[in-house]
Amino acid sequence: MSEAAAIKEEILALTAQHVERLHATWCHMFHSQTCVKYLHRLKQHAEALYSDLLEESEDKQALIHRDIAALQEEEVQLLGQLYGGDAVEERPENVPLIVWQLQLEHTVEQLREELPKRRAEVQELQLQQEALCGELGEQPLPLLLEPLPLPQELTAFRQHLGQLSSERVARTKVMKELRQSIEQQLQQLENDAAERRLLSEIKEDLTPETFERLRALQQRLAKQWQELREDIDATREKILGLWQRLEETDEARMQLVRDATEYTQSTRRVLQEELQRCQLLFHGKLKTIIQHLRVQINEWWDRTLKSRQERLRFASYYTDWYNEELLELHELQLEDLKLYYENHKEIFELYASRAALLARLEELGAKSKDPTRLQNRGGQLLKEERERRDIACKLPKIELQITELVRVHEAKCFGPFLVQGENILQLMGRERRHNSALKKTPCSKLRSQPTAATVQSQLGSQPAQTSLRMGTSKGANSTQQQRWLRAPGTHPKKKLQDSSKLVTNENENVPEDSFKQFTPSSRSSLLPQQVGGSKPLNLPTPRASRMWLKRPKD
């Protein structure tokens, strides 16, 4: 049971107790009708008391309601001014009116205090914006006192002021850098007073017009400085070129130019003086310089494999009228030759490698015609044959690479690649057919090779050893040699006469597996068991087969 219910029960009990005592007293004093009459009066008094209390309470309740309504109305007005809203919170059912009234009074008091603060804040923001916009030359954003801006509007306005403040800081920094850059440019250019006077006339405010004037001045000075820089670089390059042509040795003058490294008017004056001096010397040595260039051109003609007709096209090479135009033509020709070689460097290197291999192949072919080469017992013949095979393998690969590169050149340049005035592919094809024809020369070439009798006369003895060495040096005749060695009843002299057939052309390719097609047992059968006598011959074997052939004992 709640406290209010208990109190109400106590009031009812107290009232009943007092009514009973009054009724008892009245019954003791008066007769029953009078007691009833007094009870009616007591009832009237009780009704009047409760009516008065109830009326007073209702009046008080009405007053509180009026105060609450006034407070709510003021709250709506203040909320509309401060926050742009009119939503008023409803009183909860369990909250007494007086408590709700006190809460409303507290809320309204806070809104009343916030209103002047908001107005003061808006005025301060207006002043800040006016100062920043005046300094930066920007248009201000509208911000009114009536009606007051909403909180989100104030937040956006503060962000706007923050951006203006950041812009002010950035512009201040840029302004400082611009002025420092212009001062540095003026010092480098050793400029006249007109530009400095213009710089001093430009205000130091942060408006776009000021920056535009400063940037225009900076660009004009930068253009002048760039022209000065290009002029100094071009003059220095001319001087270095003239020094190289003149083979300058005046260290004092050269050091003076090397020390002039800054891009200033003083550097320009120093370089122009040196350029004029070198030009005077250059005109006196023009013929020597052109002749030196002709030597270089001739060297690059050789590198690029130019034919005589191609060289004659450069008619300036053969004139004796020396002037600057002739010098320029020679320089352009030399530059073109270097660029042409650099663009086709791989082709030239491959063609040089091919020429070296062909020269070596001719050298080996010349050695093969020497009759004394058969006396070599140190494996030189085998080394030469291996080298010949390696060259025969490398040449097609190099020619294939050259052909691929030349095809690319023809696709880009729409013309053939010339070597000594001839299409390189046609030239290589003709040389290839020529070498192929030499390899396929009929037996007249073989007849010119030393026969077995000649070998016997040169070596004095052991013809069978020489013929065997000659026969086994070529894998292509291994089967023929085996039949010759195994033929029963063959006279040794006849075998010696027919041994010349085993001599082959040294330019032919020998298959790599010429010794791999037989087993060790079958290779040993290549040795003759008996030639004209009861004892086997002591025949030397090739170096490659000594590891599996055992030499017969005497």
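Just so you know, these numbers come straight off a predicted model, no measurement behind them. The basis for the numbers below is simple: all heavy atoms, side chains too, and nothing from hydrogens, waters or symmetry mates.
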A.B. asks: Where the side chain of R91 meets the backbone of W100, is there a donor-acceptor pair that is under 3.5 Å apart?
C.D. replies: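 No; judged by distance alone, with no hydrogens or angles, the pair does not exist.
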A.B. asks: Given side chains that start at C-beta, do those of F417 and E410 come closer than 4.5 Å, heavy atoms only?
C.D. replies: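 F417 does not reach E410 side chain to side chain.
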A.B. asks: Ring-plane angle category for F314 and H330, please: parallel below 30°, perpendicular beyond 60°, tilted otherwise.
C.D. replies: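 It falls in the perpendicular class, over 60°.
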A.B. asks: Under a 3.5 Å threshold, yes or no: a donor from one side chain and an acceptor from the other, between H31 and T34?
C.D. replies: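 Per modelled atom types, H31 and T34 side chains form a pair under 3.5 Å.
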A.B. asks: If you look at every heavy atom in L242 and C278, which pair is closest and at what distance?
C.D. replies: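 Heavy atoms only, the tightest pair is CD1-CB, 3.6 Å.
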A.B. asks: For a quick check under 3.5 Å, do R213 and T210 share a side-chain donor-acceptor pair by atom type?
C.D. replies: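 Side chains of R213 and T210: no pair found under 3.5 Å.
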A.B. asks: Where the side chain of T235 meets the backbone of D231, is there a donor-acceptor pair that is under 3.5 Å apart?
C.D. replies: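 Yes.
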A.B. asks: Grab the two heavy atoms, one from P396 and one from A392, that are nearest each other, plus how far apart they are.
C.D. replies: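 Scanning both residues completely, I find the closest heavy atoms to be CD-O, 2.9 Å.
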A.B. asks: Is it the case that over 12 heavy atoms from other parts of the model lie below 6.0 angstrom from the CZ atom of R258?
C.D. replies: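 Atom CZ in R258 is packed in, count exceeds 12.
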A.B. asks: Distance check, rounded to the nearest 0.5 Å: L206 atom CG versus F211 atom CZ?
C.D. replies: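 Going from CG on L206 over to CZ on F211, the span is 5.0 Å.
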A.B. asks: What's the shortest heavy-atom distance between N323 and I290, and which atoms?
C.D. replies: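 Heavy-atom minimum between the residues: O-CD1, 3.8 Å.
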A.B. asks: How many angstroms lie between NZ in K394 and CZ in R360, if you round to the nearest 0.5 Å?
C.D. replies: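 Reported to 0.5 Å precision, the distance equals 11.5 Å.
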A.B. asks: Taking all non-hydrogen atoms of both residues, which atom of I232 and which atom of T264 are closest, and how far apart?
C.D. replies: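 For I232 and T264, the tightest heavy-atom pair comes out as CD1-O, 3.6 Å.
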A.B. asks: Taking atom types as modelled, is there a side-chain donor on S181 or Q218 under 3.5 Å from an acceptor on the other?
C.D. replies: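 Present: a donor and an acceptor within the cut-off.
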A.B. asks: Does L111 reach the side chain of L115, with side-chain heavy atoms less than 4.5 Å apart?
C.D. replies: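 No. Closest side-chain heavy atoms not under 4.5 Å.
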A.B. asks: Minimum heavy-atom separation for H409 and G415, please, with both atom names.
C.D. replies: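 The answer is CD2-O, 3.7 Å.
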A.B. asks: Ignoring hydrogens and geometry, is there a side-chain-to-backbone donor-acceptor pair from T267 to A260 under 3.5 Å?
C.D. replies: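 No, T267 side chain to A260 backbone: no donor-acceptor pair under 3.5 Å.
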A.B. asks: Does atom CD of E349 have more than 12 heavy-atom neighbours, drawn from other residues, nucleotides or ligands, at distances under 6.0 Å?
C.D. replies: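 Yes, the 6.0 Å shell around CD holds more than 12 heavy atoms from other groups.
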A.B. asks: About how many Å separate CD of E328 and CG of L326, when rounded to the nearest 0.5 Å?
C.D. replies: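 Reported to 0.5 Å precision, the distance equals 10.5 Å.
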A.B. asks: For residues R41 and K37, determine if any side-chain heavy atom of one lies less than 4.5 Å from a side-chain heavy atom of the other.
C.D. replies: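 Counting from C-beta outward, R41 and K37 do come under 4.5 Å.
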A.B. asks: Counting only heavy atoms not in Q152 (residues, nucleotides, ligands), do more than 12 fall under 6.0 Å from its CD?
C.D. replies: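 Counting neighbours around CD of Q152, more than 12 heavy atoms of other residues, nucleotides or ligands fall under 6.0 Å, so yes.
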A.B. asks: Do other residues, nucleotides or ligands put more than 12 heavy atoms under 6.0 Å from E310 CD?
C.D. replies: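 Yes, because the 6.0 Å sphere around CD of E310 holds more than 12 heavy atoms from other groups.
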A.B. asks: Donor-acceptor check, side chain of E274 to backbone of R253, threshold 3.5 angstrom: yes or no?
C.D. replies: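 Not confirmed, E274 side chain does not pair with R253 backbone.
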A.B. asks: Consider side-chain hydrogen bond (donor to acceptor under 3.5 Å, both in side chains). Of E113, E114, R112, H106, which one does Q110 pass it with?
C.D. replies: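 Option passing the side-chain hydrogen bond (donor to acceptor under 3.5 Å, both in side chains) with Q110: H106.
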A.B. asks: Is there side-chain contact between F282 and I289, with heavy atoms separated by less than 4.5 Å?
C.D. replies: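 In short, these two side chains touch, coming nearer than 4.5 Å.
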A.B. asks: Taking atom CD of E262 as the centre, does the number of heavy atoms from other residues, nucleotides or ligands within less than 6.0 Å exceed 12?
C.D. replies: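 12 or below, so no.
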A.B. asks: Is the count of non-hydrogen atoms from other residues, nucleotides or ligands lying under 6.0 Å from E56 atom CD greater than 12?
C.D. replies: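 Count not over threshold, so no.
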A.B. asks: Which distance, rounded to the nearest 0.5 Å, do you find between the CD1 of I297 and the NZ of K338?
C.D. replies: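 Going from the CD1 atom of I297 to the NZ atom of K338 covers 10.0 Å.
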A.B. asks: Just by distance, do the side chain of R171 and the backbone of L136 share a donor-acceptor pair under 3.5 Å?
C.D. replies: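 The answer is yes, because a donor-acceptor pair under 3.5 Å joins these two groups.
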A.B. asks: Of E230, Q224, R229, which meets side-chain hydrogen bond (donor to acceptor under 3.5 Å, both in side chains) against Q226?
C.D. replies: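 That would be E230.
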A.B. asks: Is there a donor-acceptor pair under 3.5 Å between the side chain of R119 and the backbone N or O of L148?
C.D. replies: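 Judged by distance alone, no pair lies under 3.5 Å.
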A.B. asks: Does some side-chain heavy atom of Y340 sit less than 4.5 Å from a side-chain heavy atom of K306?
C.D. replies: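 Sidechains of Y340 and K306: in contact.
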A.B. asks: Checking Q126 side chain against L143 main chain: does a donor-acceptor pair fall under 3.5 Å?
C.D. replies: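 Side chain of Q126 to backbone of L143, a donor-acceptor pair under 3.5 Å: yes, one is there.
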A.B. asks: H344 vs F348 aromatic rings, parallel, tilted or perpendicular, using cut-offs 30° and 60°?
C.D. replies: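 Rings of H344 and F348: perpendicular, over 60°.
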A.B. asks: Taking atom CD as the centre, does E346 end up with more than 12 heavy-atom neighbours from other residues, nucleotides or ligands that are less than 6.0 angstrom away?
C.D. replies: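 Counting other residues, nucleotides and ligands, CD of E346 stays at 12 neighbours or fewer.
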A.B. asks: I'd like to know whether CD of E422 has more than 12 heavy-atom contacts from other residues, nucleotides or ligands below 6.0 angstrom.
C.D. replies: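 Yes - once you tally the heavy atoms of other residues, nucleotides and ligands closer than 6.0 Å, there are more than 12.
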A.B. asks: Distance from R432 atom CZ to L427 atom CG, nearest 0.5 Å?
C.D. replies: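 Between atom CZ of R432 and atom CG of L427 there are 10.0 Å.
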A.B. asks: For W225 and Q184, test the side chains for any donor-to-acceptor distance below 3.5 angstrom and give the result as yes or no.
C.D. replies: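 On atom types as modelled, these side chains do not qualify, holding no pair under 3.5 Å.
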A.B. asks: Answer with yes or no whether the side chains of H40 and Q44 bring together a donor and an acceptor at under 3.5 Å.
C.D. replies: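 On atom types as modelled, these side chains do not qualify, holding no pair under 3.5 Å.
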A.B. asks: Working to the nearest 0.5 angstrom, can you tell me the gap between Q129 CD and L161 CG?
C.D. replies: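 The distance works out to 6.0 Å.
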